[in-house]
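Worth saying up front: this structure is predicted, and the values here are computed from it rather than measured.
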Amino acid sequence: MNLEYLQAIGLSKNEAKIYHALLRKGTSNSAELARESGVHRINTYDVLNSLIAKGLVSFITEGKQRLFKAENPNQLKHLLQDKLDLLENQLPELEQLFESKKQKVDVRVLSGTEGKKQQLAEQFKCAE
């Protein structure tokens with residue numbers, strides 16, 4: 001299965017593999033996850049810790065063994081929202097830096113569909 005959509009929203013390749021494996025398999029230990037996901041066993045713990053920090057994976061301890069499970073995929077929305085909030089907080093400072101170094105003559109070449117979209121958006125902004 002193509003996991004690029006998970007990478008596109010901010011997971012590393014290995015995080016995407018392990019999270020997807022946990023969604024498919026349910027509760028698993030690290031050795032099973034390494035086999036199932038194709039991520040080297042040495043890297044599995046680091047990836048699991050990263051996914052735990054992101055709120056996408058949790059674990060329980062049974063005896064001496066940790067069993068990991070995927071959290072609800074809706075948590076991905078929260079992960080993206082946190083990143084968006086961080087950007088929103090930093091955007092004024094970035095815009096201020098941009099404006100402070102802006103020269104009077106501003107020539108840009110816009111090409112393709114995205115360039116046309118940007119041009120139209122700027123024209124509408126100026127019209128307001």
key: L84 atom CG, neighbour heavy-atom count above 12 within 6.0 Å   = yes

Pairwise distance [atom1]([X]) to [atom2]([Y]) - rounded to 0.5 angstrom:
X	Y	atom1	atom2	answer
N49	T44	CG	OG1	11.0 Å
Q7	K17	CD	NZ	8.5 Å
K13	E4	NZ	CD	9.5 Å
N14	L3	CG	CG	11.0 Å
Q75	S58	CD	OG	10.5 Å

Which heavy-atom pair separates [X] from [Y] by the least distance, and what is that distance?
X	Y	value
Y19	L56	CE1-O, 3.2 Å
L48	S30	CD1-CB, 4.3 Å
E62	I60	OE2-CD1, 3.8 Å

Please say yes or no: joined through hydrophobic side-chain contacts below 4.5 Å, possibly via intermediate residues, are [X] and [Y] part of one cluster?
X	Y	answer
L80	L76	yes
L51	L67	no
L6	L79	yes

request  = Step by step, work out the side chain to side chain contact (heavy atoms under 4.5 Å, CB included) result for S28 and L22.
outcome  = CA-CA 7 Å; S28 292; L22 276 171; 4.2 Å; yes

ask   = Could you give all pairs that pass the side chain to side chain donor-acceptor pair (under 3.5 Å) test and reach residues 82-97, with sequence neighbours left out?
value = Q81-D85

message = Under a 3.5 Å threshold, yes or no: a donor from one side chain and an acceptor from the other, between S50 and E15?
response = yes

query = Under the salt bridge (Lys or Arg N to Asp or Glu O under 4.0 Å) rule, what pairs show up with a residue in residues 65-81, not counting sequence neighbours?
reply =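 Of all non-adjacent pairs touching residues 65-81, those that pass salt bridge (Lys or Arg N to Asp or Glu O under 4.0 Å) are K69-E71.
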
ask   = With side chains defined as the heavy atoms from C-beta onward, is the minimum distance between F59 and I52 less than 4.5 Å?
value = yes

Side-chain polar contacts of residues 32-39 - donor-acceptor pairs under 3.5 angstrom, sequence neighbours left out - could you list them?
unit_1, atom_1, unit_2, atom_2, d
E32, OE1, N29, N, 3.4
E36, OE2, R24, NH2, 2.9
S37, OG, L33, O, 2.6
S37, OG, V39, N, 3.2

